[in-house]
Amino acid sequence: MSPVRAVLFDRDGTVVHDVPYNADPARVRPVEGAREALDALRARGIRTGVVTNQSGIARGLLTEADARRVNRRVEELLGPFDVWALCPHGPDDGCHCRKPRPGMILWAAGRICTSPADCVVIGDIGADMEAARRAGAHGILVPTPKTRPEEAATAPCVAPDLLTAVRLLLVASAGPAYHTGRPVERRRV
């Protein structure tokens, strides 16, 4: 595995509390440890981004402008991200960007001139981990009540919270297994 150059986060349930189809920036609340985790990555020069499915747009429950306002609020609370990728499509639209497909991860990595192999995707459901796998990126699952047990059981790496996930990847990126090309072992933290 090559050095981590970027971490791409799922938005809802990962960096902010999940408010289904949120169109109201006032309802954005970061998860515990989110700012500290992001600051730690930025301090190391690791790029950050968000890859988020927003099917509420396709369902007519919010607009792309609503989603942009929510994203701006996320940045006000957590600091700037290097890239944002948003899929406005519904589950049955067959787009290439909607997770678990890899399109958003591939696009985001390209926007920040980074290979997907140098990216870690942190998310709260199996679709995040599958999109990472399909893109050739690494995945860390941070379970929430929405996470199904089988998703946690098959995730390449599981951390109990966002800050622990970031600390895990920072430690792993400094370890000898990381630099020798051997994969980091599947771990439960």
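The figures here come from the full heavy-atom set of this structure, side chains too, leaving out hydrogens, waters and symmetry mates. Being a predicted model, the structure only gives us computed values, none of them experimental.
- The pair R72-E75 does not meet the salt-bridge criterion, since no charged nitrogen lies less than 4.0 angstrom from a carboxylate oxygen.
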### Query
Could you go step by step and tell me if H17 and V31 meet the side-chain contact (heavy atoms from CB on, under 4.5 Å) rule?
CA-CA 6 Å; H17 289 278; V31 300; 4.3 Å; yes

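- Cluster annotation: L38 and V50 are assigned to the same hydrophobic cluster (Ile/Leu/Val/Met/Phe/Trp/Tyr, side-chain heavy-atom contacts under 4.5 Å, transitive).
- Proximity of a side-chain donor or acceptor of D161 to a complementary backbone N or O of L163 within less than 3.5 Å is detected.
- Formation of a donor-acceptor pair under 3.5 Å by the T164 side chain with backbone atoms of P160 is not found in this model.
- Rounding to the nearest 0.5 Å places CZ of R44 at 13.5 Å from CG of D39.
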#### Entry: Verdict with reasoning, K99 to C87, per side-chain contact (heavy atoms from CB on, under 4.5 Å)
CA-CA 8 Å; K99 296 178 285 182; C87 173; over 6 Å; no

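- Taking each heavy atom of A85 and M104 in turn, the nearest pair found is O-SD, 3.4 Å.
- Hydrophobic clustering keeps W107 apart from W84 (ILVMFWY residues linked when any side-chain heavy atoms are closer than 4.5 Å, directly or through intermediates).
- Within the 4.5 Å cutoff, the side chain of L86 has heavy atoms near those of the P88 side chain.
- Distance check, rounded to the nearest 0.5 Å: CZ of R68 to CD of E64 gives 6.0 Å.
- With a 6.0 Å radius and a threshold of 12 heavy atoms from other residues, nucleotides or ligands, R42 has its CZ atom above the threshold.
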### Task
Kindly determine whether T114 and C119 satisfy side-chain contact (heavy atoms from CB on, under 4.5 Å), including the steps that lead there.
CA-CA 8 Å; T114 301; C119 295; 3.9 Å; yes

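- Using a 4.5 Å heavy-atom cutoff, the side chains of D12 and V19 are not in contact.
- A salt bridge links D18 with K146: the closest approach of a Lys/Arg side-chain nitrogen to an acidic carboxylate oxygen falls below 4.0 angstrom.
- Counting heavy atoms from C-beta on, the side chains of H89 and S55 never come closer than 4.5 Å.
- Using a 4.5 Å cut-off between side-chain heavy atoms of Ile, Leu, Val, Met, Phe, Trp and Tyr, with links allowed through other members, V28 and I122 fall into the same hydrophobic cluster.
- Atom CG of residue N71 and atom CD of residue Q54 lie 7.0 Å apart, to the nearest 0.5 angstrom.
- A 4.5 Å side-chain heavy-atom check between V121 and H138 finds every atom pair outside the cut-off.
- At least one side-chain heavy atom of R59 sits under 4.5 Å from a side-chain heavy atom of P91.
- Under a 3.5 Å cut-off, the side chain of D128 and the backbone N or O of I125 do form a donor-acceptor pair.
- A single hydrophobic cluster is seen to contain both V4 and V15, as judged by linkage of ILVMFWY side chains at heavy-atom distances under 4.5 Å, directly or through other members.
- Partners of L41 according to the side-chain contact (heavy atoms from CB on, under 4.5 Å) rule, which considers only residues two or more places apart in sequence or in another chain, are V7, F9, I46, T48, V166, L169, L170.
- Closest heavy-atom contact between G13 and D124: CA-OD2, 3.7 Å.
- Here the side chains of E36 and R167 are in contact, with some heavy-atom distance below 4.5 Å.
- The shortest distance between side-chain heavy atoms of V158 and P143 falls below 4.5 Å.
- Once rounded to the nearest 0.5 Å, the distance linking CG of L106 with CZ of R101 reads 13.0 Å.
- Seen from the ring of F81, R47 does not count as a face-on cation partner, given the 6.0 Å and 45° thresholds.
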### Derivation and outcome, side-chain contact (heavy atoms from CB on, under 4.5 Å), residues T14 and L162
CA-CA 7 Å; T14 303; L162 184 61; 4.2 Å; yes

### Task
List the steps and the verdict of side-chain hydrogen bond (donor to acceptor under 3.5 Å, both in side chains) for R11 and N53.
CA-CA 9 Å; R11 190 186 81 181; N53 286 347; over 6 Å; no

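- Within the 4.5 Å cutoff, side-chain heavy atoms of L8 are placed close to those of V83.
- Here the closest heavy-atom approach between residue L78 and residue R35 is recorded as C-NH1, 3.3 Å.
- Shown here for L168 and C157, the closest heavy-atom pair between the two residues is CD2-SG, 3.0 Å.
- L62 pairs with exactly one of N22, V70, I57, D24 by the side chain to side chain contact (heavy atoms under 4.5 Å, CB included) rule, that one being I57.
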